[in-house]
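The structure appears below as structure tokens.
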Amino acid sequence: MSHGLQFSLLTTKPMSPTKLSPSSPAMFTLDKLQPDHFVFATLVKACASLGAPRQGKQVHARFVISPFCDDDVVKSSLVDMYVKCGLPDDAHAVFNSIKFKNSVSWTAMLSGYARSGRKNEAFEMFERVPVRNLFSWTALISGFVQSGNGTDAFYLFIKMRREGVDIGEPLVLSSIVGSCANLASLELGKQIHGLVIALGYESSLFISNALVDMYAKCSDIVAAKNIFGRMRRKDVVSWTSIIVGAAQHGRAEEALAIYDAMVSAGVKPNEVTFVGLIYACSHVGLVSRGRKLFKSMTDDYGISPSLQHYTCLLDLLSRSGHLAEAENVIQAMPFKPDEPTWAALLSACKQHGNMQMGTRVANQLLSLKPEEPSTYILLSNFYASAAMWEHVSKVRKLMAHMEVKKEPGYSCIDTGKESQVFHAGEPYHPLKDKIFGLLRELDGEMRRRGYVPDISSVLHDMDQQEKEKQLFWHSERVAVAYGLLKCVPGTVLRIVKNLRVCGDCHTVLKHISDCKQRNCCTRCQQISSF
DNA sequence: TTAGGGTTAG
């Protein structure tokens with residue numbers, strides 16, 4: 001096939017002009033003009049930026065029956081369009097049809113494999129690129145960051161520096177700052193920040209935005225605020241990054257105050273800003289403010305709520321006990337509820353002890369044949385809290401049948417000199433005795449201060465004492481104890497956990513912070529709050 | 001006059 005298109009997609013019907021360009025005259029239908037290669041490339045680019053593969057395929061079909069069907073520039077734009085629409089195989093079919101491949105076509109395809117997580121194909125292609133330049137390095141590194149391969153992205157960045165590639169402009173740096181954020185590695189982030197300053201790019205808007213986000217995600221909200229405060233120009237991404245950062249640190253009032261300042265500064269919020277704001281309200285129970293924001297999103301800014309916005313609203317209502325109203329949101333919303341939507345409601349049913357609604361919601365959730373391990377854990381947890389042990393066993397069997405495996409939890413602490421990873425229990429650590437001695441000492445002190453273990457997050461069918469023992473050596477506590485033993489008094493202990501921190505550990509970390517007069521921060525690498 | 005790499009949620 002010379003054009004890389006499936007013929008079943010080929011249509012000679014003109015597409016609706018209102019789809020892509022509602023206000024402009026219809027070139028095909030009114031003026032009877034045929035597009036040339038410039039028009040095709042521009043149209044394809046528009047489809048790429050809209051993420052509109054259906055329209056993109058229609059333009060592609062028009063192109064292959066046009067007199068310009070051999071134009072390599074249009075083909076490069078088609079590769080880019082398919083890549084941006086998440087269709088790397090379609091992109092590759094077009095890429096293969098390009099007669100004279102140049103740096104642009106190679107870069108577009110390379111980016112396609114990297115951003116869709118097709119690591120081996122991306123590396124193979126990178127080996128075959130005729131000329132490696134900053135574009136191809138950036139495509140590979142950024143693609144890996146986007147597909148969650150932060151570690152690979154980082155090693156590639158180091159390799160790029162070792163090969164002496166000139167960073168003539170800073171795009172790659174915003175991606176690599178983003179990878180530090182995703183890895184929640186403050187130390188790496190600080191080093192990259194140093195490099196940004198050394199290369200003279202600190203005032204770049206994209207880089208500053210990425211740095212604000214990175215510091216917030218690496219638990220240093222003070223540094224994030226400092227950078228934000230020093231920015232001479234701020235756009236909607238800058239404001240949204242600091243709002244989301246404050247919200248994730250539980251500073252809802254601050255997030256809302258920043259939002260007010262943003263509106264006063266004349267910056268229009270976008271759909272991400274509202275996700276952050278409703279999230280902030282949800283986590284501190286500001287129900288009426290959250291409701292108003294949801295309404296304001298449409299009324300004042302013309303933003304149609306997405307499924308995610310509805311899930312945020314439902315989370316806000318159900319967490320604060322408005323379960324019936326939350327269920328009504330599901331009935332009334334113009335989307336089919338997905339796994340996170342039902343999961344948010346089920347979690348609230350469990351929290352508020354509404355077993356009747358919870359059982360109904362759990363059935364809905366199971367009918368979706370969930371894929372996320374966390375959903376199965378939630379289901380099992382819900383049934384366990386209702387002492388429905390047969391259902392717990394069924395969920396466990398379903399997990400085994402579906403080959404769903406719970407990722408083992410671990411916590412990582414960086415002492416400034418070294419980084420250590422701890423799993424629950426950690427029976428072989430050289431400092432095991434000292435760590436558990438300290439945890440026992442802290443446990444006694446906390447109980448004197450009124451701490452009562454919250455065993456509701458322990459899944460298993462076991463007695464109270466055994467459940468408390470399970471909580472006692474959760475990995476984040478082991479990591480905190482290690483930090484207390486190794487770090488200078490007064491140091492902030494930053495712990496990164498791969499899973500969400502359980503309710504009891506939140507309470508325990510607050511108590512430990514009080515007992516030891518320390519600031520203990522935890523950050524989940526996977527923020528799965530909805 | 002047309003094509004490639006960048007930041008915020010999930």
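What you see is a predicted model; the values in this text were computed from it and never measured. Proteins come first, then strands; the chains are lettered A, B, ... in the order of their sequence lines, and each starts at number 1.
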Quiz item: How is A/Asp36 classified with respect to the nucleic acid when contacts are heavy atoms under 4.0 Å: base, sugar-phosphate, or nothing?
Solution: nothing
Quiz item: Just how far, in rounded Å, is C1' of B/dA9 from CG of A/Asn182?
Solution: 12 Å
Quiz item: Under 4.0 Å: is that the gap between some side-chain N or O of A/Lys45 and OP1 or OP2 of B/dG4?
Solution: yes
Exercise. Would you mind classifying the nucleic acid contact of A/Asp338 as base, sugar-phosphate or nothing, using non-hydrogen atoms under 4.0 angstrom?
Key: nothing
Quiz prompt | Euclidean distance, atom CG of residue A/Asp80 to atom C1' of B/dG4 [Å, nearest integer] | solution = 6 Å
Quiz item: Partners of A/Gln146 by side chain to side chain donor-acceptor pair (under 3.5 Å), sequence neighbours excluded?
Solution: none
Quiz item: What residue pairs, at least two apart or across chains, pass salt bridge (charged side-chain N to carboxylate O under 4.0 Å, His left out) with a residue in residues 108-130 of chain A?
Solution: A/Asp89-A/Arg118, A/Arg118-A/Glu121, A/Lys119-A/Asp152, A/Glu127-A/Arg132
Quiz prompt | A/Trp137 ring center within less than 6.0 Å of A/Phe157 ring center | solution = no
Quiz item: Whole Å only: how far is the OH atom of A/Tyr259 from the C1' atom of B/dT8?
Solution: 15 Å
Quiz item: How is A/Asp235 classified with respect to the nucleic acid when contacts are heavy atoms under 4.0 Å: base, sugar-phosphate, or nothing?
Solution: nothing
Quiz item: Taking the side chain of A/Thr138 as heavy atoms from C-beta outward, which of B/dA3, B/dG5, B/dA9 is closest to it?
Solution: B/dG5
Quiz item: Counting side-chain heavy atoms from C-beta on, which of B/dA9, B/dT2, B/dG5 comes nearest to A/His37?
Solution: B/dT2
Practice problem: Kindly say if A/Gln146 contacts the phosphate of B/dG6, meaning a side-chain N or O under 4.0 Å from OP1 or OP2. | Solution: yes
Quiz item: Between A/Lys84 and B/dG5, does any side-chain N or O lie under 4.0 Å from OP1 or OP2?
Solution: yes
Quiz item: Can the ring centroids of A/Tyr113 and A/Phe95 be said to lie less than 6.0 angstrom from one another?
Solution: no
Quiz item: Touch check for A/Leu134, heavy atoms < 4.0 angstrom, all strands: base, sugar-phosphate only, or nothing?
Solution: base
Practice problem: Measure centre to centre between the rings of A/Tyr259 and A/Trp239, then say whether the value is under 6.0 Å. | Solution: no
Exercise. Among B/dG4, B/dT8, B/dG6, find the nucleotide with the atom closest to the side chain of A/Ala108.
Key: B/dG4
Quiz item: Between B/dT8, B/dG4, B/dG6, which nucleotide has the shortest distance from any of its atoms to the side chain of A/Thr240?
Solution: B/dT8
Quiz item: Counting any heavy atom closer than 4.0 Å, what does A/Ser77 reach on the DNA or RNA strands: base, sugar-phosphate only, or nothing?
Solution: sugar-phosphate
Quiz item: Reckon A/Val244 touches a base, only the sugar-phosphate, or nothing at all at heavy-atom distances under 4.0 Å?
Solution: sugar-phosphate
Exercise. Look at all strands and tell whether A/Thr107 reaches a base, only sugar-phosphate, or nothing, counting heavy atoms closer than 4.0 Å.
Key: base
Practice problem: Consider the side chain of A/Val275, meaning its heavy atoms from C-beta on, and name the nucleotide among B/dT8, B/dT1, B/dA9 that approaches it most closely. | Solution: B/dA9
Quiz item: Considering only side-chain heavy atoms of A/Phe135, which listed nucleotide, B/dT2, B/dG6, B/dG4, is closest?
Solution: B/dG4
